Amino acid sequence: MITSELPVIQESANESGQAETVSLSVSVSELEDTGEVKGKKKRGRPGRPPSANKKPRKSPVEKGLPGPPRGRKANGVTQQNGEGDPVTLFEVVKLGKSAMQSVVDDWIESYKLDRDIALLDLINFFIQCSGCKGTVRIEMFRNMQNAEIIRKMTEEFDEDSGDYPLTMPGPHWKKFKYNFCEFIGVLIRQCQYSIIYDEYMMDTVISLLTGLSDSQVRAFRHTSTLAAMKLMTALVNVALNLSINQDNTQRQYEAERNKVAGKRANEKLELLLDKRKELQENQDEIENMMNSIFKGIFVHRYRDAIAEIRAICIEEIGVWMKMYSDAFLNDSYLKYVGWTLHDRQGEVRLKCLKALQNLYTNRELFPKLELFTNRFKDRIVSMTLDKEYDVAVEAIRLVTLILQGSEDALSNEDCENVYHLVYSAHRPVAVAAGEFLHRKTSLSQRLLLCLHVAAQRLFSRHDPQAEEALARRRGRNSPNGNLIRMLVLFFLESELHEHAAYLVDSLWDSSHELLKDWECMSELLLEEPVQGEEVLVDRQESALIELMVCTIRQGAEAHPPIGRGTGKRVLTAKERKTQMDDRNKLTEHFIMALPMLLSKYQADSEKVANLLQIPQFFDLDVYSAARMEKHLDALLKQIKFVVEKHTDTDVLEACSRTYSILCSEEYTIMNRVDIARSQLIDELADRFGLSLQDLLQEGEEADDDDIYNVLSSLKRLTAFHNTHDLTRWDLFGNCYRLLKIGIEQGSMPRTVRLLSIAVQALQCSHYSILWQLVRITEGTPTKDDLIVLRRVVKSFLAICQQCLSNVNTPVKEQAFMLLCDLLMIFSHQLTAGGREGLQPLVFNPDGPLQNELLTFILDHVFIDQDEENQSMEGDEEDEANKIEALHKRRNLLAAFSKLIIYDIVDMPAAADIFKHYMKYYNDYGDIIKETLSKTRQIDKILCAKTLILSLQQLFNELLQDQGPNLDRTSSYVSGIKELARRFALTFGLDQIKTREAVATLHKDGIEFAFKYQNPKGPEFPPPNLAFLEVLCEFSSKLLRQDKKTVHSYLEKFMTEQMMERREDVWLPLISYRNSLLTGGDEDRMSIISGNSSSKAGSVRSKKGRAPLHKKKIEGQSTSEESVEGSWLMRNDTLPTPGAMHTPQLTSTVLRENPRQAPQHLPHQDSEPSSEPDYMHNPQMQISWLGQQKLEEANRKDRANMNYMKARTAGVRQTVRGLMEDDAEPIFEDVMMSSRGQLEDMNEEFEDTMVIDLPPSRNRRERAELRPDFFDSAAIIEDDSGFGMQMF
């Protein structure tokens, strides 16, 4: 080993980030001799005598560029030859066609011929690598300082693009970055013996890079920092070589001096001493260069604003500390890495961790890292939870290296912070944590082994037989026994028993040999413990079986569990071979071991259910290939015992799946297994038939044994019917007879077991129907087959519908789920894909059935939390029961939502679901939102009608609860408005796509608001008028021209008295009208102030002219203004509750609000009139046309009537309004459902509509909608169409 007495870099007294001085000096006291030593010239410095008292070298920053050299070309720019071959350094390095050493050698030759021209080429190389188009000329180099040159280059920098060579994408520029770094390293390596010591080349380069690194131009700063850091790395390598040479020279000198006087060669001593002094001077030179780079560049750029620059600095300082640890691996330099661990960019934190990993990998460096570890250990451990997964992975690996280097470095709390990451959903993080856990358990295992050996030596008295048995148990057969025990204990202590597959997957890469030791696991489960060995308790055995099954699955499938990874990746040839070997290994072992395990644990349902999962991973050909049929018979025998002994659903389903796997037609063992299965089903079917007959005969006198016999047999048959076709045993007949009699006699609700019998009978009948459908779809059915199946399905649907009215919740829930499933299966989609012959099997639910399904949802899904808590009061596992109940309710809601989405149940039924969106957002928000999205994709208009219907239902419920005098400031009204706001957000940003649906929503809302007249008289507001306040939430989703249309439609329902009323009760109408008026504050204030007789203009010119101001009506009360203004302010500041309280609704009849008198307002379509009459009749538009504009508008109308008729005659034929219920088409209604129709229509309407679209991504597409306000025709038509003047 090479030793050095070099003092390390001294640590500064403060930690303010100031640079430290790199000291590589070595004491030469032992080399000094009494006699004088002749000086020896150094290479690269001809004629320069050595100086013992050498002055400290100035920083290149202080010196600036050297003076103008001699022999430079006239222009100072290297030209290309006639063939266009690259001759500049930048072009050569960019192309990368030449070996870098030859490029450097050519430059060195040019430097020896004319060092100024060569240096100028090197300077331009750095400038051009930064992406600058400028070039340093000979005059600039001769007469300008560094700062002036850089300022000049900055002015010539191309600012059009932010890209420069180091950031440009593509493999070519990635290779350029590699060549750039390689060039700098090779340049220093080739110049390390002479040129770098000439005090010219290095001074010039370091001075230039220092100046560039301080530039505000990112390209200069980035490129120069990378160059300087690579230059520093190369110099560190040179310094390391000098240090090695000094040590070698020192040893040679000491060896020669220690010789006896007669054999000592004085000339050799003088040569060694001269060489040592020369190496010391070279080392001083390198030290000054490194200090200049470190103090001038690193200490400023390691905290640069650009993350890439900070990452470069941290990456290189890690290289320095690893390469030359004697000089750089101390706290003075480690602190920069430690501080940067807190960097806000994950890229920089990642570089820090990788730099530290390179240090902690070397065990010899741990003593120097002890102080750093103690100082920054907590930060490193906390980074295992970093939000950047790559950073978290590297942090865990670093913690693992720290653990390997020093077991005492990490506390138990630190280890526990890493342990739980084995259950992370991100696989790289989990695998890294698994590696940490593996290392920790391995260390613990070695510690236990050492303690065991020490105990054996300490105590001489021991039992030879027990020691021999323990050695045999822990020797060849099960070497990993203790590790498996520790793994089981860790799994139990983590209390995440449902995540065994995640734990196994995390440990698979690092502990695959342990996890594949299935023989050891089987022995721990099967063999009796020897003397002195701890016995596995029941929990440990269950955990071990669960872990063992997970390892079998991982080995057989060779892919991570669900939730980790993006999907099944393609295995490589090596991985496929490993998978096949593992599958063969586990098959050969468990073919013999599984029957014994089932025999031992056949009474434990949990263990048996896990063990029965193993056969699905077998290579079943082994049974016949290895002549192991006797083990197959033993397995079938044990499975039969399990079926006869257990009634647990999980166990029975596991047995059923095992029979299904063993009965695969591709294997030769199929016949043997099929015979055993048929015998078992025969016994179960006979037992069920006899017990059912006894139960029906005894009737009310049946005891618990009779009920249990029927229930146990039916549960077993139902579990097998799920996987196997048991149609030939005609189980449907017995089940239907049982259900029919139970419903008619009402005997099912008598006991819990009878309830279970009903649930199982429903499920078994359902499976029977599905298997009959499979037979029909896979074969060629006859008409009789279809009739029989239709009769069966119809009778079963009737049974399920009758069960919905049962008083027992489990029966109702089971019937509801089966109804939804069967309606989905036997819907109109059954005939898709060329299966039109199955049309007789299609069932469409009628109205009463749809109402019953909806009522069930309202009664059993949307229930208050208090009711749920009362129903579960007294349960020991209250939280678990609540979660299970919520999961069940979510399934019920999802099943009904699917019927709506697939158009099996009418879409308006979804209104009763949508109205609960806010109140039950935490429980069902995702389901309701997805249902809303799917229904909108099916039919936008019908979905909008459903949304407004849901809001109307809530409003009706509120009226029934509070009466006609609603408190609009209450939380209930605010809740409805918040729900409307959420609904409005679901329409998205593209108003063109949703314009027809939104307009339909407003139309229905307006009709609902004016649906009934107030019994007190027309001077009182309609009972539903407050609904307009809810409707305001959708006004922002209307296009400007659609707002005009909706506003006109609203005025058809309004009387003159309504327009003049300003009382509080009329504020919803005022607010809604205000939201429909297009324009700024002028429009809103005109309505608030009561200016109902004038229409606010909002026409903008192309130059953005402000809208015209309107005068107030004289006599307007200021008190009304203050009241209305205060109401608006109060309305804007109302609190919005997260959930709203609504009365319990159990029927859809309430949607019609029968308490109100069915007196409708007279529709405008009852009055015979034509479209031109409506457009130009001032009496019909008196509500929103200004009285003072009426005469002028009529005059304009008469002057331009012919023009309007001629222009709109063709358009009126193609315009189809949304207000289809009205006999009068509205002129402004241009709501088309497609973009193409809209654009075609806009070509004719561009001069007649006042449009002011907000800036959006669709602005350019709708640019043709803007009118030409400088066109006289546009002015005329605007005045005639809307009754107002433009100027």
Side-chain angles (χ1 to χ4, degrees), residues 608 612 633 635-663 670-699 702-742 747-748 753-776 785 788-789 791-793 795-796 799 814 818:
V608 169
L612 286 174
D633 295 337
L635 176 62
L636 295 175
K637 181 180 179 181
Q638 293 299 326
I639 295 176
K640 183 178 180 181
F641 288 160
V642 171
V643 172
E644 294 176 347
K645 193 165 189 175
H646 290 274
T647 57
D648 187 77
T649 303
D650 294 336
V651 176
L652 295 176
E653 289 180 353
C655 294
S656 177
R657 286 193 300 269
T658 303
Y659 273 111
S660 177
I661 293 168
L662 297 177
C663 285
M670 181 260 184
N671 294 331
R672 184 186 297 261
V673 179
D674 183 54
I675 293 174
R677 180 188 59 180
S678 300
Q679 292 176 353
L680 177 61
I681 299 300
D682 285 338
E683 295 177 6
L684 295 176
D686 293 341
R687 193 180 307 165
F688 171 64
L690 294 176
S691 57
L692 177 61
Q693 185 176 359
D694 295 340
L695 177 65
L696 296 179
Q697 288 180 355
E698 296 181 8
D703 54 10
D704 292 341
D705 292 338
D706 297 332
I707 298 175
Y708 176 78
N709 292 333
V710 174
L711 177 61
S712 59
S713 302
L714 185 56
K715 290 186 68 174
R716 295 184 178 101
L717 289 172
T718 302
F720 274 85
H721 211 347
N722 184 17
T723 314
H724 305 269
D725 185 6
L726 308 183
T727 306
R728 61 191 179 98
W729 281 275
D730 192 20
L731 298 178
F732 180 82
N734 289 332
C735 292
Y736 180 78
R737 185 158 56 103
L738 175 62
L739 292 170
K740 191 69 173 176
I741 295 177
S747 59
M748 284 193 300
R753 287 182 176 176
L754 285 175
L755 292 178
S756 301
I757 290 177
V759 172
Q760 293 297 323
L762 288 170
Q763 191 69 53
C764 187
S765 302
H766 175 67
Y767 292 148
S768 178
I769 292 174
L770 296 184
W771 279 112
Q772 294 182 47
L773 179 62
V774 169
R775 285 193 170 189
I776 288 179
D785 296 335
V788 171
L789 180 57
R791 187 181 300 115
V792 169
V793 175
S795 59
F796 184 69
I799 287 290
Q814 183 68 38
L818 296 181

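Every heavy atom of this structure was used, including side-chain atoms; hydrogens, water molecules and symmetry mates were not. Everything quoted here is computed from the prediction, not taken from an experiment.
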Colleague: Which pair of heavy atoms, one from L652 and one from A719, lies closest together, and at what distance?
Modeller: CB-CB, 3.5 Å

Colleague: Does any part of the side chain of L662, heavy atoms only, come nearer than 4.5 Å to the side chain of L635, both counted from C-beta?
Modeller: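 The answer is yes, as the side chains (C-beta and beyond) meet within the 4.5 Å cut-off.
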
Colleague: Output yes when a side-chain donor or acceptor of H724 lies under 3.5 Å from a complementary backbone atom of S656, and no otherwise.
Modeller: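 It does hold such a pair.
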
Colleague: Does R716 use its side chain to pair, donor to acceptor, with the backbone of E644 at less than 3.5 Å?
Modeller: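 Yes, because the side chain of R716 sits within donor-acceptor range (under 3.5 Å) of the backbone of E644.
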
Colleague: Is any side-chain heavy atom of L696 closer than 4.5 Å to one of I741?
Modeller: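 They are in contact (side-chain heavy atoms under 4.5 Å apart), so the answer is yes.
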
Colleague: About how many Å separate CD1 of I707 and CG of D694, when rounded to the nearest 0.5 Å?
Modeller: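 Those atoms lie 12.5 Å apart.
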
Colleague: What verdict does the side-chain contact (heavy atoms from CB on, under 4.5 Å) test give for L711 and T647, after you've listed the backbone C-alpha separation in whole Å, the side-chain angles of each residue and the deciding distance to 0.1 Å?
Modeller: CA-CA 9 Å; L711 177 61; T647 57; over 6 Å; no

Colleague: Atom CG of L692 and atom CZ of R687: how far apart are they, to the nearest 0.5 Å?
Modeller: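 Answer rounded to 0.5 Å: 14.5 Å.
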
Colleague: With rounding to the nearest 0.5 angstrom, report the CD to NZ distance, Q638 to K645.
Modeller: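 That separation rounds to 10.0 Å.
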
Colleague: Heavy atoms, side chains only, cut-off 4.5 Å: are R672 and C663 in contact?
Modeller: no

Colleague: Any non-hydrogen side-chain atom of Y659 less than 4.5 Å from a side-chain atom of L636?
Modeller: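 Yes, their side chains come closer than 4.5 Å.
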
Colleague: What I want to find out is whether K715 reaches D648 closely enough, with some N-O distance under 4.0 Å, to be called a salt bridge.
Modeller: no

Colleague: Can you see which heavy atom on S765 is nearest to which on Y736, and at what distance?
Modeller: OG-N, 4.3 Å

Colleague: Backbone N or O of V792 within a donor-acceptor pair of the S795 side chain at under 3.5 Å?
Modeller: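 A pair under 3.5 Å: yes.
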
Colleague: Decide side-chain contact (heavy atoms from CB on, under 4.5 Å) for C655 and L612; before the verdict, give the C-alpha distance in whole Å, the side-chain angles of both, and the deciding distance to 0.1 Å.
Modeller: CA-CA 7 Å; C655 294; L612 286 174; 3.3 Å; yes

Colleague: Take F732 and T727 through the side-chain contact (heavy atoms from CB on, under 4.5 Å) test and state the conclusion after the steps.
Modeller: CA-CA 8 Å; F732 180 82; T727 306; over 6 Å; no

Colleague: I would like to know whether L717 and W729 meet side-chain contact (heavy atoms from CB on, under 4.5 Å); could you show each step before the answer?
Modeller: CA-CA 10 Å; L717 289 172; W729 281 275; over 6 Å; no

Colleague: With heavy-atom distances below 4.5 Å as the criterion, would you say the side chains of L714 and C735 are in contact?
Modeller: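 Contact flag for L714/C735 side chains = yes.
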
Colleague: I'd like to check L770 versus H766 (side-chain heavy atoms, cut-off strictly below 4.5 Å). Are they in contact?
Modeller: yes

Colleague: Are R775 and D785 close enough for a salt bridge, meaning some N to O gap below 4.0 Å?
Modeller: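 No salt bridge links R775 with D785.
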
Colleague: Among L738, T718, L726, which residue meets the side-chain contact (heavy atoms from CB on, under 4.5 Å) test with C764?
Modeller: T718

Colleague: Does S713 use its side chain to pair, donor to acceptor, with the backbone of V710 at less than 3.5 Å?
Modeller: no

Colleague: Is the shortest heavy-atom distance from the side chain of F796 to the side chain of L818 under 4.5 Å?
Modeller: yes

Colleague: Please check: side-chain N/O of T723 versus main-chain N/O of R657, any donor-acceptor pairing under 3.5 Å?
Modeller: no

Colleague: Say whether, by atom type as modelled, one donor and one acceptor occur between the side chain of W771 and the main chain of H721 under 3.5 angstrom.
Modeller: yes

Colleague: Answer whether the closest heavy-atom distance between the side chains of L731 and Y767 falls below 4.5 Å.
Modeller: no

Colleague: Give a yes or no answer on whether the side chain of N709 reaches the backbone of D705 with a donor-acceptor pair at less than 3.5 Å.
Modeller: yes

